[in-house]
There are 2 protein chains.
Amino acid sequence: MARPRTEMIAKTRAKLIAAGRHAFGRIGYAEASMDDFTGEAGLTRGALYHHFGDKKGLLQAVLLEIDAEMTERLNKVSASAPTRWQGFVDECAAYIEMALEPEIQRIMFRDGPAVLGDISQWQNTPGCIAALSHSLDRLKADGEIIDIDTETAARLINGASSHMALWIANAEKPETVSKRAVAGFRTMLEGLRK
Amino acid sequence: MARPRTEMIAKTRAKLIAAGRHAFGRIGYAEASMDDFTGEAGLTRGALYHHFGDKKGLLQAVLLEIDAEMTERLNKVSASAPTRWQGFVDECAAYIEMALEPEIQRIMFRDGPAVLGDISQWQNTPGCIAALSHSLDRLKADGEIIDIDTETAARLINGASSHMALWIANAEKPETVSKRAVAGFRTMLEGLRK
DNA sequence: ATACCTACATACGTGGCGTATGTAATCGAG
DNA sequence: CTCGATTACATACGCCACGTATGTAGGTAT
């Protein structure tokens, strides 16, 4: 297994995903020319169409990669907190912070939904929502939060977080808005507690 | 005032906005050909570029119209409720319901942010957020809700609502998901109450 | 060893956006 | 009332970018 042949293929795939991710993150999906960013990666569109079918296919692959990274980061955050509730709050804060990163914001929250439809239909629940959902499940089992459907709560928090992030990122004074947003967000989370 | 000349101009503008709104709402911004939908309106792209500068300009005009309609609907809902709290809850429910309408969902929540950037920077706070904010202001003045920054709360609710709507709209069983979503949403709102 | 297939590159057609230009109707000045 | 200027569009053109069809070299299987 893992012959040199398949390794080369995996490398080209990775190159294309990386190139697309850079281009999509910087100038956006619509403005990114496939000839340009494949050329920068030392390839052509031929490779892209072979591996991903079309431009949307590459975007999907990029999204999968980013979602996996976000999920891992979220899991690390919640795992390294002293209490589960604290872990959950940290997780939410981390989610907002990630949504402030230009690449994630652009690809995950702007172009992704516009091109591929809502996040819900990308696959059976993306990882970053599943991570929030899982944390809520444990809190519920511990009796720390009120009786609420955890997936619904996860999606509510997901929606609220991403909007907070967009609000902050596009504000004239991001620091000021950030304080207001995080404070309000924490207040909302407290409402879930018993 | 209101000479026949200016009336004609207003009519062409209205025609273009209506045509664009239809096309954007049905097949999406990117897939909508300007030649097609201007032709259906009995005009050409020349008129569009004259009045709106470019394709994005038309989208902005469409968004302004939709936002105004949504604001009016929200204000009516909150005004016709027995109590202010009830008015606010109804308003939130109405917001989710509006977000379920395909045209609003597509233009306002998907293509709009992707093409023009986050809703926050379209203008100084769009009307539908201002409406929620206003309702919260009055509730706060009445001492019905906890101490929270009202604009932040309005944006939290706005974000949560739109995500709920997208979740519902794209679910396999919208009715089932709708019940879960609305129930969870109400629970979250109750957390704002004193 | 040879025939096939995979993984790309190259070449081409098409469609759609933006712009530059044309034109008819209207408005304002004298 | 007349004539120049401006407005409100339509027409024509160029360019870019996507997708597809085709070509090809290297690896794979038997």
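Residue numbers start from 1 in every chain, and the chains themselves are labelled A, B, ... in the order their sequence lines are given, proteins ahead of strands. Not measured: the values here are computed from a predicted model.
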Distance in angstrom units between [X] [atom1] and [N] [atom2], rounded:
{"X": "Glu7(A)", "N": "dA7(C)", "atom1": "CD", "atom2": "C1'", "answer": "16 Å"}
{"X": "Asp36(B)", "N": "dG15(C)", "atom1": "CG", "atom2": "P", "answer": "11 Å"}
{"X": "Leu16(A)", "N": "dA7(C)", "atom1": "CG", "atom2": "P", "answer": "13 Å"}
{"X": "His51(B)", "N": "dA8(D)", "atom1": "NE2", "atom2": "P", "answer": "7 Å"}
{"X": "Leu43(B)", "N": "dT11(D)", "atom1": "CG", "atom2": "C1'", "answer": "14 Å"}
{"X": "Arg13(A)", "N": "dA7(C)", "atom1": "CZ", "atom2": "P", "answer": "10 Å"}
{"X": "Leu58(B)", "N": "dC9(D)", "atom1": "CG", "atom2": "P", "answer": "14 Å"}
{"X": "Ile9(A)", "N": "dA7(C)", "atom1": "CD1", "atom2": "P", "answer": "4 Å"}

inquiry  = What's the separation between atom CD in Glu97(B) and atom OG in Ser178(B), rounded to the nearest 0.5 Å?
reply    =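 Between atom CD of Glu97(B) and atom OG of Ser178(B) there are 8.0 Å.
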query = Any side-chain N or O of His50(B) less than 4.0 Å from the OP1 or OP2 oxygen of dC9(D)?
reply =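 No, no such contact exists.
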inquiry  = Can you tell me if Thr12(A) touches the phosphate of dC8(C), counting only side-chain N or O atoms and a distance under 4.0 Å to OP1 or OP2?
reply    =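 Looking at the OP1 and OP2 atoms of dC8(C), one of them is under 4.0 Å from a side-chain N or O of Thr12(A).
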ask   = Would you call Cys92(B) and Met164(B) a side-chain contact if the rule is heavy atoms closer than 4.5 Å?
value =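 No. Closest side-chain heavy atoms not under 4.5 Å.
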ask   = Side chains of Lys194(B) and Glu144(B): closer than 4.5 Å at any heavy-atom pair?
value =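 Lys194(B) does not reach Glu144(B) side chain to side chain.
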[X] (side chain) donor-acceptor with [Y] (main chain) under 3.5 angstrom:
{"X": "Lys140(B)", "Y": "Ile148(B)", "value": "yes"}
{"X": "Asp111(A)", "Y": "Tyr29(A)", "value": "yes"}
{"X": "Asn170(B)", "Y": "Leu166(B)", "value": "yes"}
{"X": "Asp149(A)", "Y": "Ala181(B)", "value": "no"}

key: Stem regions touching DNA chain C, defined by at least 3 consecutive Watson-Crick or wobble G-U pairs below 3.5 angstrom   =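 When the pairs of DNA chain C are grouped into runs of at least three, the stems are C:1-30 with D:1-30.
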Non-hydrogen atoms of Val62(A) and Ile17(A) that approach each other most closely =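 Here Val62(A) and Ile17(A) meet closest at CG2-O, 3.7 Å.
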request  = If a pair satisfies ring-ring contact (aromatic ring centres under 6.0 Å, His included) and one of its residues is in residues 174-194 of chain B, list it, with sequence neighbours excluded.
outcome  =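 Counting only pairs at least two positions apart or across chains, no ring-ring contact (aromatic ring centres under 6.0 Å, His included) contact touches residues 174-194 of chain B.
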Between the protein and nucleotides 18-22 of chain D, are there any N/O to N/O pairs under 3.5 Å, and if so, what are the atom names and distances?
from	atom 1	to	atom 2	distance (Å)
dC18(D)	OP1	Ala32(A)	O	3.1
dC18(D)	OP1	Lys55(A)	NZ	3.0
dC18(D)	OP2	Met34(A)	N	3.2
dG19(D)	OP2	Tyr49(A)	OH	2.5
dG19(D)	O5'	Tyr49(A)	OH	3.3
dG19(D)	N7	Arg45(A)	NH1	2.7
dG19(D)	O6	Arg45(A)	NH1	3.4
dG19(D)	O6	Arg45(A)	NH2	2.4

query = Where the side chain of Thr44(A) is concerned, which of dA10(D), dA7(C), dA9(C) is the nearest nucleotide?
reply =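 Closest of the options to the side chain of Thr44(A): dA9(C).
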